[in-house]
*Asks:* 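What follows is a single structure, and I will ask about it in a moment.
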Number of protein chains: 2
Amino acid sequence: MTGGKGIKSLGPYDSTHERILETALGLFSTKGYQGASTREIAQEAGIAEVTLFRHFPSKEKLLQEILSRFSVLPALKAYIPAALELPYEEALVSLADHLLDTLVQIKDWVRIMQAEVQRSPEKLLTVFHGFIDDLFETYASFFRELQQRGTLGDFDPEYAARAFHGIVFCYFSIEELLHRKRYKANDRGEAIRQFMRIFALGTVSRTAAEA
Amino acid sequence: MTGGKGIKSLGPYDSTHERILETALGLFSTKGYQGASTREIAQEAGIAEVTLFRHFPSKEKLLQEILSRFSVLPALKAYIPAALELPYEEALVSLADHLLDTLVQIKDWVRIMQAEVQRSPEKLLTVFHGFIDDLFETYASFFRELQQRGTLGDFDPEYAARAFHGIVFCYFSIEELLHRKRYKANDRGEAIRQFMRIFALGTVSRTAAEA
DNA sequence: TGCCGGTGTAAGTAAGCGCTTACATCGTTT
DNA sequence: AAACGATGTAAGCGCTTACTTACACCGGCA
């Protein structure tokens, strides 16, 4: 009566594998990579520690597998065409809303990246840089298209993308990562609207603004 | 020939104390709190490990002393009056420049805060929240004053402060913390100018913008 | 039926950790 | 000259860590 508990085997990526990954994601994000022990991960996942090492050759490989399995950017990219057809400020608000949703969704991933990127220079940095570059390029293409349509001024679309991202990301970081909720009011929609109003006024073409 | 090396005693905060603090600051920021051992800190500081524990009762207290000894905000605040007398966009650029200088100066401190804030909820979070709130309020007061002078539109100055900070901080974070230098060009001044141009256009009063 | 893959328990390894103790040394102060 | 305070060396304590080995079990499949 000491053996397995009847969990079905479903191939290499069965539920045990997944359970370990998800549990480790949560623990790494709250306690840090060094702060979460393999004993603790196994215990919280409801498995034996030795089982963890049968699925992952080392703790480090477990971390790497966790950090390389998120790909939320395609969904963000796919939304750009729809946003292009909205009125400009409305488009900005909905893009910011989508970005914020996505960031909240991958909150643990972001937290680990931010905390661990110093320690493990090559692997994590490459993944994170790829994510950021891709994100910036996505938003830059949005601004570039609107510039060609004459809606926007003649700023550099890549810097605009960075500014847009900076505003939204820092809001996310302070509210979600640093637990600084309700800084002014618990109204996320209001914050986004205020931010995007400033950003929209700063980027529309002068002639469009005067209309 | 095994004893002290002739370092002068200068009171409770002598050079040994400082050396430990500075070395630990650097190591905590690159390897994380858990990743940097007291042995390693002592070795890099050129002292015996036991000396470290004579200066600091525990590793945790060492971290706390490191994180509570920075106070760069007064300098940032003191610059606001001068900025108020500059043309608006020029003022924004110089404020952003000052903020960026300050962030670079306390880079290690910020890195530790970002990485460790999850693990040690109360102490660090309190210090960091105080820092951020104070920073936001400083910039909000700048916008509030210019609104009263009629230079700016009628946006909420606190959200504007957050947007301003977000743009600058994310630029700093990506360039300095994530080592993503030369994203487009190695010209920090150009980036700030582009950012502040957008921000200025987004916040000036309509009548002032049309002039 | 018998094997096999995945899991469990139990025990243990070598290394590193934060931190302590005991004692020697050296410069300064009294 | 003697005491003192800050530092050094050396050893080690108790504990945790990532990771391993050996063996038992159990369900599904040939």
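Throughout, protein chains are lettered first and strands after them, A, B, ... in sequence-line order, and every chain is numbered starting at 1. What you see below is based on every heavy atom in this structure, not just the backbone, and it leaves out hydrogens, waters and symmetry mates.
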*Asks:* To the nearest Å, how far apart are A:Lys59 NZ and D:dT17 P?
*Replies:* 9 Å
*Asks:* Measure CD1/A:Ile20 against P/C:dG6 and give the value in whole Å, please.
*Replies:* 13 Å
*Asks:* Among the candidates C:dC19, C:dT9, D:dG8, find the nucleotide nearest to the side-chain atoms of A:Ala48.
*Replies:* C:dT9
*Asks:* Contact list please: residues 22-41 of chain B against DNA chain D, heavy atoms, distance less than 4.0 Å, in numerical order.
*Replies:* none
*Asks:* More than 12 heavy atoms of other residues, nucleotides or ligands under 6.0 Å from CD of B:Gln43: is that the case?
*Replies:* no
*Asks:* Which angle, rounded to 10°, do you find between the first-five-pair axis and the last-five-pair axis of the helix from C:dT1-D:dA30 to C:dT30-D:dA1?
*Replies:* 10°
*Asks:* How close or far is atom P of C:dG8 from atom CZ of A:Phe53, stated in whole angstroms?
*Replies:* 14 Å
*Asks:* Quickly work out the B:Leu62 CG to C:dC19 C1' distance and round it to whole Å.
*Replies:* 14 Å
*Asks:* Taking CD1 from B:Ile47 and C1' from D:dT9, how many angstroms apart are they, rounded to a whole number?
*Replies:* 14 Å
*Asks:* Check whether A:His165 reaches the backbone of A:Ala161 with its side chain - one donor and one acceptor, N or O, closer than 3.5 Å.
*Replies:* no
*Asks:* C:dC19, D:dT20, C:dT7: which one has an atom nearest the side-chain heavy atoms of B:Glu49?
*Replies:* C:dC19
*Asks:* Between B:Arg111 and B:Glu116, does any side-chain N to carboxylate O distance fall below 4.0 Å?
*Replies:* no
*Asks:* Between C:dT7 and A:His55, is there an OP1 or OP2 to side-chain N/O distance shorter than 4.0 Å?
*Replies:* yes
*Asks:* From the options B:Leu124, B:Leu63, B:Ile66, B:Ile112, select the one residue that forms a side-chain contact (heavy atoms from CB on, under 4.5 Å) with B:Tyr33.
*Replies:* B:Leu63
*Asks:* Please check: side-chain N/O of A:Lys31 versus main-chain N/O of A:Ser37, any donor-acceptor pairing under 3.5 Å?
*Replies:* no
*Asks:* Just do the ring-ring contact (aromatic ring centres under 6.0 Å, His included) check on A:Phe142 and A:Tyr139 with the steps written out, would you?
*Replies:* CA-CA 5 Å; A:Phe142 169 77; A:Tyr139 291 118; 7.6 Å; no
*Asks:* Under 4.0 Å from OP1 or OP2 of C:dT7: is there any side-chain N or O of A:Thr16 that close?
*Replies:* yes
*Asks:* Whether the side chain of A:Trp109 engages the backbone of A:Leu67 through a donor-acceptor N/O pair (distance < 3.5 Å, no angle test) should be reported.
*Replies:* yes
*Asks:* Using atom CG of B:Leu52 as one end and atom P of D:dT9 as the other, report the distance to the nearest whole Å.
*Replies:* 14 Å
*Asks:* When the distance from CZ of B:Arg54 to P of D:dG5 is rounded to whole Å, what number comes out?
*Replies:* 13 Å
*Asks:* Is a donor on one side and an acceptor on the other found under 3.5 Å between the side chain of B:Arg19 and the backbone of B:Ala45?
*Replies:* yes
*Asks:* Could I get the full list of side-chain contact (heavy atoms from CB on, under 4.5 Å) partners for B:Ala48, not counting sequence neighbours?
*Replies:* B:Val50, B:Thr51
*Asks:* Starting from P on C:dC19, measure out to NZ on B:Lys61 and report it in whole angstrom.
*Replies:* 12 Å
